[in-house]
There are 2 protein chains.
Amino acid sequence: MDTLDRILGEWERERPDLDVSALAVIGRLSRYADLVQARLDAVFAEHGLQSWEFDVLSALRRAGDPYELTPGELDRALLITSGTTTHRVQRLESRGFVTRRRDEDDRRVVRVRLTVTGRAAHEAAHAAHADNETRILAGLSEGERAELLGGLKALGRVLGDTLPD
Amino acid sequence: MDTLDRILGEWERERPDLDVSALAVIGRLSRYADLVQARLDAVFAEHGLQSWEFDVLSALRRAGDPYELTPGELDRALLITSGTTTHRVQRLESRGFVTRRRDEDDRRVVRVRLTVTGRAAHEAAHAAHADNETRILAGLSEGERAELLGGLKALGRVLGDTLPD
DNA sequence: GTCTGATATCTTGATATCAAGATGTTTGGA
DNA sequence: TCCAAACATCTTGATATCAAGATATCAGAC
């Protein structure tokens, strides 16, 4: 018996005609994503970072040397709008974690680059974050974890999350 | 090949020492929760509702006749803070979807009740929403869907989402 | 009966986000 | 060459959210 079982039971009582089987899946998906996020946030906070700050630093770190992306690339990598990217980059710039400069060849473009300080901040948080993720899933059996991963991959497919190649 | 596969590949290139297997699960969980939410939002928008408005109306509808909850009960049902509840209820009250009144026996308590208008708005959106959820999952095979549900239930267990009884 | 602590709700101030549009730059065709 | 359309980024205004604290009410100990 969990939160969704209770909710499904309430619908069963109120609207026995409804098919709530999809809600059983989607309701859990969004609820557990929230609960997991709260656990991740707690570790980021211990390292003085917001979750969104870590996300931007991670995207730059993953890009590889010279740890540089454009705002547009950040928009697409992080699924956020351009205004949000502007705001995020400004905040990280004010903390000394990234630098911004115009591209010389195409002056519409900006290059956002991780600083040494930013890379260090990411590095410290990243280790704790990876541990945290591992710990969250540690209570799953091998089979349960494979089940969850397989189910999520299938969901990604139906949501259209596939890349060329 | 999907978005997470690409991200995992980037980490493999940059930090081959890291164990990214937990990220493969948790990254997909949060990404797909976001993608699903965007699809749900689109249908709510067709019915002139924000996702959070639908959530409040649903909680009240599920409560059963007389479709009434206190702000504190809404906090807990929706995993939001009390300030957010105040704001949500004000907005729904201004749209005529709920009424607020003091409890006579315990004057600290407020009773938020779904109006006939609010119930109708919920009803219309709910039918489309349920269809939408069913449609999103329609691309999954029977087995994939069972896999996803089983994996999510196990995750809920390790996240502590269990109720008494 | 009267405090004191607990409880329920609301207020305040800060901030992350988005949609829509403004600004500046490049590109391709006439 | 010049202009229009495409493009990249930033700005503006609105709003949903939270944390922390304020306010009002109740319950229990004495």
Side-chain angles (χ1 to χ4, degrees), chain A residues 30 33-35 37-42 44-46 48-57 59-60 68-95 97-113, chain B residues 30 33-35 37-42 44-46 48-57 59-60 68-95 97-113:
Chain A
S30 66
D34 278 359
L35 292 177
Q37 189 59 56
R39 293 227 202 165
L40 303 186
D41 289 348
F44 292 136
E46 287 170 13
L49 289 175
Q50 305 287 325
S51 191
W52 63 259
E53 292 179 302
F54 183 82
D55 289 343
V56 176
L57 298 179
L60 292 168
E68 192 173 272
L69 291 172
T70 68
E73 288 167 337
L74 285 170
D75 292 351
R76 290 182 289 275
L78 303 173
L79 300 179
I80 57 181
T81 60
S82 65
T84 298
T85 295
T86 299
H87 179 261
R88 288 187 178 192
V89 170
Q90 277 170 355
R91 156 89 179 232
L92 291 171
E93 193 178 25
S94 78
R95 294 193 68 180
F97 290 165
V98 304
T99 56
R100 289 170 69 260
R101 64 170 213 296
R102 282 277 162 199
D103 184 291
E104 283 307 316
D105 297 331
D106 183 343
R107 298 193 51 74
R108 291 172 300 183
V109 170
V110 167
R111 300 280 167 188
V112 179
R113 183 182 290 202
Chain B
S30 67
D34 278 358
L35 291 176
Q37 189 60 56
R39 294 227 201 166
L40 303 187
D41 288 348
F44 292 137
E46 287 169 13
L49 288 176
Q50 303 288 324
S51 191
W52 62 258
E53 292 178 305
F54 182 82
D55 289 343
V56 176
L57 298 179
L60 292 167
E68 190 174 273
L69 292 172
T70 68
E73 288 168 338
L74 285 170
D75 293 351
R76 290 182 289 275
L78 303 173
L79 301 179
I80 56 181
T81 60
S82 64
T84 298
T85 294
T86 299
H87 178 260
R88 289 186 177 191
V89 169
Q90 278 170 355
R91 156 88 179 231
L92 290 171
E93 192 178 26
S94 78
R95 294 193 67 181
F97 290 164
V98 305
T99 56
R100 287 169 70 259
R101 65 170 213 295
R102 283 278 163 197
D103 184 292
E104 283 307 316
D105 297 331
D106 182 345
R107 298 195 50 74
R108 292 172 301 181
V109 171
V110 168
R111 300 281 167 188
V112 178
R113 182 181 292 202

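All figures in this text were calculated on a predicted structure; none of them were measured in a lab. Naming convention: chains lettered A, B, ... in sequence-line order (proteins, then strands); numbering from 1 in each chain.
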With A:Q90 via side-chain contact (heavy atoms from CB on, under 4.5 Å) - residues at least two apart: A:T86
Separation of atom CZ in B:R91 from atom C1' in D:dA16, rounded to whole Å: 10 Å
Atom-to-atom span, CG of B:L49 to C1' of D:dA16 - whole angstrom: 16 Å
Sugar-phosphate, base or nothing in reach of A:R111, heavy atoms under 4.0 Å: nothing
Sugar-phosphate only, base, or nothing, as touched by B:D75 at under 4.0 Å among non-hydrogen atoms: nothing
Partner set under side chain to side chain donor-acceptor pair (under 3.5 Å) for A:T81, not counting sequence neighbours: A:T84
Residue pair A:L74 / A:V89, side-chain heavy-atom distance below 4.5 Å: yes
Contacts of type side-chain contact (heavy atoms from CB on, under 4.5 Å), residue A:R102, not counting sequence neighbours: A:R107, A:V110
Contacts of type side chain to side chain donor-acceptor pair (under 3.5 Å), residue A:D41, not counting sequence neighbours: A:Q37, A:S51
Touch class at under 4.0 angstrom, heavy-atom based, for B:Q90 against every strand present: sugar-phosphate
From C:dT9, C:dT17, C:dT25, nucleotide with atom closest to A:R88 side chain: C:dT17
Salt bridge (Lys or Arg N to Asp or Glu O under 4.0 Å) partners for B:D103, two or more places apart: B:R111
Under the salt bridge (Lys or Arg N to Asp or Glu O under 4.0 Å) test, residues paired with A:R108 that sit two or more places apart: A:D106
Inter- and intrachain pairs under salt bridge (Lys or Arg N to Asp or Glu O under 4.0 Å), touching residues 68-90 of chain B, at least two apart: B:E68-B:R101, B:E68-B:R113
Integer-rounded Å distance: C:dT17 P and A:W52 CH2: 7 Å
Interatomic distance, A:R102 CZ vs D:dA8 C1' [rounded to whole Å]: 8 Å
Rounded distance (Å) that lies between atom P of C:dT17 and atom CD of B:Q37: 16 Å
Could you write out each protein N or O paired with an N or O of nucleotides 18-22 of chain D at a distance under 3.5 Å?
{"from": "D:dC18", "atom 1": "OP2", "to": "B:T81", "atom 2": "N", "distance (Å)": "3.3"}
{"from": "D:dC18", "atom 1": "OP2", "to": "B:T81", "atom 2": "OG1", "distance (Å)": "3.2"}
{"from": "D:dC18", "atom 1": "OP2", "to": "B:T84", "atom 2": "OG1", "distance (Å)": "2.5"}

Sugar-phosphate only, base, or nothing, as touched by A:T70 at under 4.0 Å among non-hydrogen atoms: sugar-phosphate
Rounded distance (Å) that lies between atom P of C:dA8 and atom CG of B:L69: 14 Å
Side-chain heavy atoms of A:W52 within contact of A:R91, under 4.5 Å: yes
Integer-rounded Å distance: C:dT17 P and A:Q50 CD: 9 Å
4.5 Å side-chain heavy-atom contact, A:L92 and A:V56: yes
Length of the CZ-C1' vector between B:R76 and C:dA8, whole Å: 9 Å
Are any protein N/O atoms closer than 3.5 Å to N/O atoms in nucleotides 3-5 of chain C? If there are, list each pair with its distance.
none

Listed partners of A:A77 passing side-chain contact (heavy atoms from CB on, under 4.5 Å), at least two apart: none
Measure all distances between protein nitrogen or oxygen atoms and nitrogen or oxygen atoms of nucleotides 2-7 of chain D, and list the pairs falling under 3.5 Å.
{"from": "D:dC7", "atom 1": "O2", "to": "A:R108", "atom 2": "NH1", "distance (Å)": "3.4"}

Sugar-phosphate, base or nothing in reach of B:D105, heavy atoms under 4.0 Å: sugar-phosphate
Spacing of CG belonging to A:L60 relative to CZ belonging to A:F97, to within rounding of 0.5 Å: 12.5 Å
